[in-house]
There are 2 protein chains.
Amino acid sequence: MSAAIDRPVADACEVTLVDADRVEAARGKLPTALEIDRLADWFRLLGDPTRARILYALLEAGELCVCDISATIDVVESTVSHSLRWLRAANVVTARRSGRMMFYSLDDSHVRLLLDLGREHLAHRQGPE
Amino acid sequence: MSAAIDRPVADACEVTLVDADRVEAARGKLPTALEIDRLADWFRLLGDPTRARILYALLEAGELCVCDISATIDVVESTVSHSLRWLRAANVVTARRSGRMMFYSLDDSHVRLLLDLGREHLAHRQGPE
DNA sequence: GGAACATCTGTATCCATGTACAGCTGTCGG
DNA sequence: CCGACAGCTGTACATGGATACAGATGTTCC
């Protein structure tokens, strides 16, 4: 850990670490690869318009069957179902069966927080870009 | 708006809105398509391991040149540069030129918040799945 | 048990994009 | 000016994944 760090020998700048101490310190504090991957997966889950729409629909309506989700966000049911699969796998939504219908609702308090934070973020920079 | 909603006529469930009122109410409260797209873009930006790594590196180190970012997260400089392009375009990072080096740092308080929230979220469900 | 219906899944297609290699731009020192 | 070096970008390639269509599964009602 004190040696040359052994990285993939980039195009240039092979030894010339500008601030080796800071680099070492930061390297030590970085999340593990697993953590990073999980985090990225988690954010990518929210990074699809259809899934985001579903989440907002559930956020507003509380609980909806697939059919009503489809109607709410104007996306064909098959697509909704595929999207719900991801959300289910990530435990972001819960499904409750009632007869032949499945009622979905949010199953993660962080989701609301993140969505709100995201919206607030966008609102703050609506002017520029 | 009171009529049949005129959606893409899905596979099934064409008229049978289970809870038409709730659907209508939710539809009215949904963010606009533009908002949703922006939001999804924003989350997708954090949904790539390399970009997430870069952000964490900057979060920990404060400010780093491309070379040091590369060393910190163990990714070749070209890839880092490409990733930084997205982050720059989204105003997530700022670049400061100093001689031939570019020093990057976070330019968005929400990023820290989101990353922390994401990590906290993962920590809370580390056990399962 | 069989028809009708809500939902899920298998599969194919298409597009976005992450990555790497190579070459370009811009800056510094002489 | 010119060489050296930090960083950027063009391009090609491969892969992930979003969507749609068709068919499977599971549930209700008769």
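Below, each value reflects all heavy atoms present in this structure, side chains not excepted, and no hydrogens, waters or symmetry copies. Sequence lines set the chain letters: A, B, ... in the order given, protein chains first and strands last, and positions in each chain run from 1. Everything quoted here is computed from the prediction, not taken from an experiment.
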Problem - Side-chain (B:Asp68) to main-chain (A:Val23) donor-acceptor, under 3.5 angstrom - result: no
Problem - A:Ser78, nearest nucleotide to its side chain (from C:dT7, D:dA20, D:dA18) - result: D:dA20
Completion exercise
Atom CE of B:Met102 and atom P of C:dC28 are separated, to the nearest Å, by 12 Å
Completion exercise
Side-chain atoms of A:Arg100 come closest, of C:dT17, C:dC5, D:dT9, to C:dC5
Handout entry: Closest to side chain of A:Arg88, choosing from C:dC8, D:dA6, D:dC21
Key = C:dC8
Practice task
Answer yes or no: does a side-chain N or O of A:Arg97 lie under 4.0 Å from OP1 or OP2 of C:dT7?
Solution key: no
Handout entry: Five-pair end axes of the helix from C:dG1-D:dC30 to C:dG30-D:dC1, angle between them (10°)
Key = 30°
Handout entry: Phosphate contact (D:dT19 OP1 or OP2) by A:Thr50 side-chain N/O below 4.0 Å
Key = yes
Problem - Atom-to-atom span, CZ of B:Arg96 to P of D:dG7 - whole angstrom - result: 12 Å
Practice task
Work out which heavy atom in A:Val66 is nearest to a heavy atom in A:Leu84; give both atom names and the distance.
Solution key: CG2-CD1, 3.9 Å
Practice task
Using only side-chain N and O atoms of B:Thr79, determine if any of them is under 4.0 Å from OP1 or OP2 of C:dA20.
Solution key: yes
Exercise for the section: Using the side-chain contact (heavy atoms from CB on, under 4.5 Å) rule, pick out the option among B:Val92, B:Val111, B:Leu106 that qualifies with B:Leu58. Expected result: B:Leu106
Exercise for the section: Round to a whole Å and report the spacing from CG of A:Asp19 to C1' of D:dA6. Expected result: 16 Å
Problem - Plane angle bin for A:Phe43 and B:Phe43 - parallel if under 30°, tilted between 30 and 60°, otherwise perpendicular - result: parallel
Problem - Atom-pair distance (CH2 on B:Trp86; P on C:dT17), nearest Å - result: 5 Å
Exercise for the section: Would you mind telling me which residue lines up with the more 5' stretch of DNA chain D, A:Ser98 or B:Val66, judged by nearest nucleotide? Expected result: B:Val66
Exercise for the section: Give the nucleotide from the list C:dC8, C:dC21, D:dA6 with an atom nearest to the side chain of A:Leu84. Expected result: C:dC8
Handout entry: Rounded distance in Å - CG (A:Leu64) to C1' (C:dT7)
Key = 15 Å
Practice task
Could you tell me whether A:Tyr104 contacts a base, only the sugar-phosphate backbone, or nothing, with contacts defined as non-hydrogen atoms closer than 4.0 Å?
Solution key: sugar-phosphate
Exercise for the section: Salt-bridge test for B:Asp41 and B:Arg44: reply yes if a basic N is under 4.0 Å from a carboxylate O, no otherwise. Expected result: yes
Practice task
Confirm from the modelled atom types if B:His82 and D:dG10 form a donor-acceptor pair under 3.5 Å, side chain to base only.
Solution key: yes
Problem - Backbone of B:Ile73 reached by a side-chain donor or acceptor of B:Arg53 within 3.5 Å - result: no
Problem - Under-4.0 Å side-chain N/O to phosphate OP1/OP2 contact, B:Arg44 with C:dA16 - result: no
Handout entry: Cation-aromatic face contact B:Arg88/B:Tyr104, 6.0 Å, 45 degrees
Key = no
Practice task
Grab the two heavy atoms, one from A:Leu30 and one from B:Glu60, that are nearest each other, plus how far apart they are.
Solution key: CD2-CG, 4.5 Å
Completion exercise
Rounded to whole Å, CG of B:Asp48 lies from P of D:dG16 at a distance of 13 Å
Fill in the blank from the handout: Rounded to whole Å, CD of B:Glu77 lies from P of D:dA6 at a distance of 7 Å
Fill in the blank from the handout: Atom CZ of B:Arg85 and atom P of C:dT19 are separated, to the nearest Å, by 15 Å
